[in-house]
Undergrad: 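Got a structure here, written out as structure tokens. Questions coming.
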2 protein chains.
Amino acid sequence: MSLPHAVLGMLRYRPMTGYDLKLFFDKAMESVWPAQISQIYRELSLMEAKGWIGSHIEPQETRPDRKVYSITDDGEVTFKEWLEKFPRSLSVTTRDDFSLRMFFSSGLSPEELKFQLKRFIREKQDEISDQQAVERYLEKMSEEMGHPEDEFHWRMTLRRSSILAEALILWAEDCYEELVEKYPS
Amino acid sequence: MSLPHAVLGMLRYRPMTGYDLKLFFDKAMESVWPAQISQIYRELSLMEAKGWIGSHIEPQETRPDRKVYSITDDGEVTFKEWLEKFPRSLSVTTRDDFSLRMFFSSGLSPEELKFQLKRFIREKQDEISDQQAVERYLEKMSEEMGHPEDEFHWRMTLRRSSILAEALILWAEDCYEELVEKYPS
DNA sequence: GAATTCATGTAACTTGTTACATGATTTA
DNA sequence: TAAATCATGTAACAAGTTACATGAATTC
């Protein structure tokens, strides 16, 4: 149940609409906590009912009215309590569709598996490139929102994705080479 | 929807009960695809309804009767089709409770964050140690089940967890040092 | 002329988690 | 004597995904 806390975390920076939150989730937090727009709207309703956030309507002429949410004192307390309660870290590796197939891949031709590993490596490299856009966005946001001290924490967190992607590339390359050794083509 | 396919993959090796499957999930596949026992039983019913697996009762005297499931021809086909349809690899980093708190951790004292990072590192080290038990179990199973060629694939897959855990340790150590530099205590 | 952006949501569905229920046997 | 193992499940709940609905303005 961390989506509402992620939302609270963002609303501490400034009031936002569901749509604003979606942009932030997509552009900055995808690698930490992705969220669907439908899920965000549903969660916002629940959070308002709990009194963690409040809202007001900002009428617009050419666009649909904006429903702007802001965090309440209750929300601040809830967020703080959550933040201080660090969980045991879970294994990151859980429920990976690619690895599950790999686990059972003795039923596949070595050539097919080699092909999939190459593709995997390319995708991870793209992931690393995408990280640069994320960093640019966060830099912009920390200026805009006037919370310069947060950028340091954001960057620390985000580096995780790149480090993991790099580790996975090494893993896949290693697997590839083992396959070539075992089944030279 | 990969839990049923994981189950099919295992039943290819040999017929098993829900309880047997749970043991295999816990001991060998936790880092790839964890599953609750209640989820397994539910899934087995659905899979039998679809005709992917069949079952027969093995009466026991001192223990509850065993309901042993085996894969059908239909199940084999379904499994093969799934196996060949490798997905785009998703970012592994998604939905991590620890990182989400880290992302917003400017609200925490640097000392607290340092403490949590140390704990994180210890937990990852334990994770790496646990991997050795997994490897021993898989070695035993590949002998027992008479599928020696699978062990190679299992090991390739499992190494992923250790590699990721090692990468995360480096990440956390890096963060720790940056914190010490920024906030010397 | 088609796709994207801004802006709101609802409904149905799928998947995963937690709690409950039973009960004999074995190990610590 | 308490906990773990073997062995079956059901029910309720929580969380995530996909599909649907609307519609003007803007960009490609």
Side-chain angles (χ1 to χ4, degrees), chain A residues 1-7 15-27 29-50 53 55-69 82 87-88 90-91 93-97 100 137, chain B residues 1-7 15-27 29-50 53 55-69 82 87-88 90-91 93-97 100 137:
Chain A
M1 231 248 310
S2 284
L3 176 64
H5 301 104
V7 170
M16 292 195 224
T17 66
Y19 194 84
D20 293 338
L21 285 161
K22 171 61 175 163
L23 290 183
F24 196 84
F25 270 100
D26 280 357
K27 295 201 171 172
M29 310 229 338
E30 223 207 339
S31 65
V32 185
W33 209 277
Q36 238 80 44
I37 181 74
S38 60
Q39 210 186 347
I40 292 171
Y41 282 122
R42 183 176 52 181
E43 203 58 53
L44 284 169
S45 298
L46 295 171
M47 291 168 73
E48 194 169 23
K50 281 177 187 157
I53 54 175
S55 67
H56 72 271
I57 306 289
E58 260 179 30
Q60 295 195 122
E61 276 160 37
T62 62
R63 301 275 183 203
D65 294 350
R66 288 163 56 85
K67 192 167 177 185
V68 183
Y69 290 92
W82 168 83
R88 260 204 66 106
L90 296 175
S91 178
T93 44
T94 52
R95 291 207 186 98
D96 182 63
D97 241 297
L100 184 59
Y137 180 78
Chain B
M1 231 246 311
S2 285
L3 176 65
H5 301 104
V7 169
M16 292 194 223
T17 67
Y19 194 84
D20 293 338
L21 284 162
K22 172 61 176 165
L23 289 183
F24 196 84
F25 270 101
D26 280 358
K27 294 200 172 172
M29 309 229 341
E30 223 207 337
S31 65
V32 185
W33 208 276
Q36 238 80 44
I37 182 72
S38 60
Q39 210 186 346
I40 291 171
Y41 283 122
R42 183 175 54 179
E43 202 59 51
L44 284 169
S45 299
L46 295 171
M47 291 167 72
E48 194 169 22
K50 282 178 187 156
I53 56 175
S55 68
H56 72 272
I57 305 289
E58 259 179 31
Q60 296 194 123
E61 275 161 36
T62 59
R63 301 274 182 203
D65 295 349
R66 289 162 55 84
K67 191 168 178 186
V68 183
Y69 290 93
W82 169 83
R88 261 202 65 105
L90 295 174
S91 177
T93 44
T94 52
R95 289 207 187 97
D96 181 65
D97 242 298
L100 185 59
Y137 180 77

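In this text, all values refer to a predicted model and were calculated from it rather than measured experimentally. Excluded from the calculations below are hydrogen atoms, water molecules and symmetry mates; all remaining heavy atoms, backbone and side chain alike, are included.
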Undergrad: Can you give me the first and the last nucleotide of DNA chain C (5' to 3') that has an atom within less than 4.0 angstrom of a non-hydrogen atom in chain B?
TA: dT15(C) to dT25(C)

Undergrad: List, one per line, each side-chain donor-acceptor pair under 3.5 Å for residues 31-38 of chain B, sequence neighbours excluded.
TA:
{"from": "S31(B)", "atom 1": "OG", "to": "S161(B)", "atom 2": "OG", "distance (Å)": "2.9"}

Undergrad: Round to the nearest Å and state the distance from I40(A) atom CD1 to dT17(D) atom P.
TA: 11 Å

Undergrad: 5'-most contact on DNA chain D: S45(B) or Q60(B), nearest heavy atom basis?
TA: Q60(B)

Undergrad: With DNA chain D as reference, determine whether K67(B) or R63(A) sits nearer its 5' end, using the nearest nucleotide of each.
TA: K67(B)

Undergrad: Among residues at least two apart in sequence or on other chains, which ones pass side-chain contact (heavy atoms from CB on, under 4.5 Å) with Y19(A)?
TA: T17(A), L23(A), Y41(A)

Undergrad: What's the verdict on side chain to side chain contact (heavy atoms under 4.5 Å, CB included) for E43(B) and L46(B), showing C-alpha distance, side-chain angles and the deciding distance?
TA: CA-CA 5 Å; E43(B) 202 59 51; L46(B) 295 171; 4.1 Å; yes

Undergrad: Just how far is it from atom CG of D96(A) to atom OG of S91(B), taken to the nearest 0.5 Å?
TA: 10.0 Å

Undergrad: As an exercise, state the distance from CZ of R42(B) to CG of L3(B), rounded to the nearest 0.5 Å.
TA: 9.0 Å

Undergrad: Taking the side chain as everything from C-beta on, heavy atoms only, tell me whether L21(A) gets closer than 4.5 Å to L44(A).
TA: yes

Undergrad: When the C1' atoms of the five terminal pairs at each end define the local axes, what inter-axis angle does the helix from dG1(C)-dC28(D) to dA28(C)-dT1(D) show, to 10 degrees?
TA: 60°

Undergrad: Write down the distance between OH (Y19(A)) and C1' (dA25(D)), rounded to a whole number of angstrom.
TA: 12 Å

Undergrad: Using whole Å, report how far NZ of K22(B) lies from P of dA4(D).
TA: 15 Å

Undergrad: When you compare the protein's N or O atoms with those of nucleotides 12-16 of chain D, which come within less than 3.5 Å of each other, and at what distance?
TA:
{"from": "dA15(D)", "atom 1": "OP1", "to": "M1(A)", "atom 2": "N", "distance (Å)": "3.0"}
{"from": "dG16(D)", "atom 1": "OP2", "to": "Q39(A)", "atom 2": "NE2", "distance (Å)": "2.6"}
{"from": "dG16(D)", "atom 1": "O5'", "to": "Q39(A)", "atom 2": "NE2", "distance (Å)": "3.4"}
{"from": "dG16(D)", "atom 1": "O3'", "to": "R95(B)", "atom 2": "NH1", "distance (Å)": "3.4"}
{"from": "dG16(D)", "atom 1": "N7", "to": "R42(A)", "atom 2": "NH2", "distance (Å)": "2.8"}
{"from": "dG16(D)", "atom 1": "O6", "to": "R42(A)", "atom 2": "NH1", "distance (Å)": "3.2"}

Undergrad: Would you kindly compare P64(B) and A35(B) by the position of their nearest DNA chain C nucleotide and give the one closer to the 5′ end?
TA: A35(B)

Undergrad: With sequence neighbours left out, what residues match P15(A) under side-chain contact (heavy atoms from CB on, under 4.5 Å)?
TA: V68(A), S70(A)

Undergrad: Distance check needed: dT5(D) C1' versus K27(B) NZ, whole Å only.
TA: 10 Å

Undergrad: Please evaluate residues E48(B) and S55(B) with respect to the criterion side-chain hydrogen bond (donor to acceptor under 3.5 Å, both in side chains), reporting the C-alpha separation (whole Å), side-chain torsions for both, the decisive distance (0.1 Å), and the verdict.
TA: CA-CA 8 Å; E48(B) 194 169 22; S55(B) 68; 2.7 Å; yes

Undergrad: Can W82(A) and D97(B) be said to form a side chain to side chain contact (heavy atoms under 4.5 Å, CB included), step by step?
TA: CA-CA 10 Å; W82(A) 168 83; D97(B) 242 298; 4.2 Å; yes

Undergrad: Kindly compute the distance separating CD (Q39(A)) from NZ (K22(A)), expressed to the nearest 0.5 Å.
TA: 9.5 Å

Undergrad: Quick check for you: to the nearest 0.5 Å, what is the distance between H56(A) atom NE2 and R66(A) atom CZ?
TA: 8.5 Å

Undergrad: So T17(B), base contact, sugar-phosphate only, or nothing? Heavy-atom distance under 4.0 Å.
TA: sugar-phosphate

Undergrad: Rounded to whole Å, how long is the line connecting atom CZ of F25(A) with atom P of dT17(D)?
TA: 12 Å

